[in-house]
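The structure appears below as structure tokens.
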Amino acid sequence: MTTAFTQLNLHPLLVQAVESLGFTTPTPIQSAMIPVMLAGQDVIGQAQTGTGKTAAFALPILHQLQTDVGHVQSLVLTPTRELAVQVAKAMHEFGRPLSVRVLPV
């Protein structure tokens, strides 16, 4: 298992953002999913509430974004409005150093 976010090959600004939010080591779902997603593979992950699933998919998405493009590059579907707002807030916080725009619809 990966013991630091720096070992996941994420953009340094994303690692800085995650660490500034108080996360020091990736959870098992993050260690398992992030490298696979960064390699461009499709994934399905399942884990208990509070285990970092949002970061597990959000960080690779943010890593792949092209910041100089002015159109939608990613769409995340959630089953409820409340979860959409929660995911959007997390992605905004993780992506703040990259100046990404996130909008829950």
What pairs meet the side-chain hydrogen bond (donor to acceptor under 3.5 Å, both in side chains) rule with one or both residues in residues 75-85, with sequence neighbours excluded? none

Spell out, yes or no, whether V43 and F94 are grouped together once hydrophobic residues are joined by side-chain heavy atoms under 4.5 Å, including indirect joins. yes

Minimum side-chain heavy-atom gap F57-V87 below 4.5 Å: yes

Applying side chain to side chain donor-acceptor pair (under 3.5 Å), name anything that partners E93, two or more places apart in sequence or on another chain. R96

Those residues at least two apart in sequence (or on a different chain) that pass side chain to side chain contact (heavy atoms under 4.5 Å, CB included) with A88 are V102, P104

When every non-hydrogen atom of I29 is compared with those of G45, the smallest separation belongs to CD1-CA, 4.2 Å

Which atom pair, heavy atoms only, marks the closest approach of I61 to S74? CG2-OG, 3.3 Å

Tell me, which pairs form a salt bridge (charged side-chain N to carboxylate O under 4.0 Å, His left out) where one or both residues lie in residues 11-37, sequence neighbours left out? none

Please check if the side chain of H63 supplies one atom and the backbone of H11 the other of a donor-acceptor pair under 3.5 Å. yes

Can you check whether P35 reaches L8 side chain to side chain, under 4.5 Å on heavy atoms? yes

pair Q16-L13: side-chain heavy atoms closer than 4.5 Å: yes

Do S20 side-chain atoms and A17 backbone N/O form a donor-acceptor pair below 3.5 Å? yes

Minimum side-chain heavy-atom gap L14-F5 below 4.5 Å: no

Do the side chains of V15 and L59 get nearer than 4.5 Å, heavy atoms only? no

Exercise: identify the closest heavy-atom pair between A58 and M91: CB-CG, 3.6 Å

Mind checking who shares a hydrophobic cluster with L103, ILVMFWY linked at side-chain heavy-atom distances under 4.5 Å? V105

To the nearest 0.5 Å, what is the distance between CZ on R101 and CG on L65? 12.0 Å

Who are the side chain to side chain contact (heavy atoms under 4.5 Å, CB included) partners of V69, not counting sequence neighbours? Q66, H71, Q73

In the single-linkage hydrophobic clustering (I, L, V, M, F, W, Y; side-chain heavy atoms under 4.5 Å), do V85 and L21 co-cluster? no

Quick one: which residue pairs count as a side-chain hydrogen bond (donor to acceptor under 3.5 Å, both in side chains) with a foot in residues 45-58, not counting sequence neighbours? none

Is it the case that atom CG in D42 sees more than 12 heavy atoms from other parts of the structure closer than 6.0 Å? no

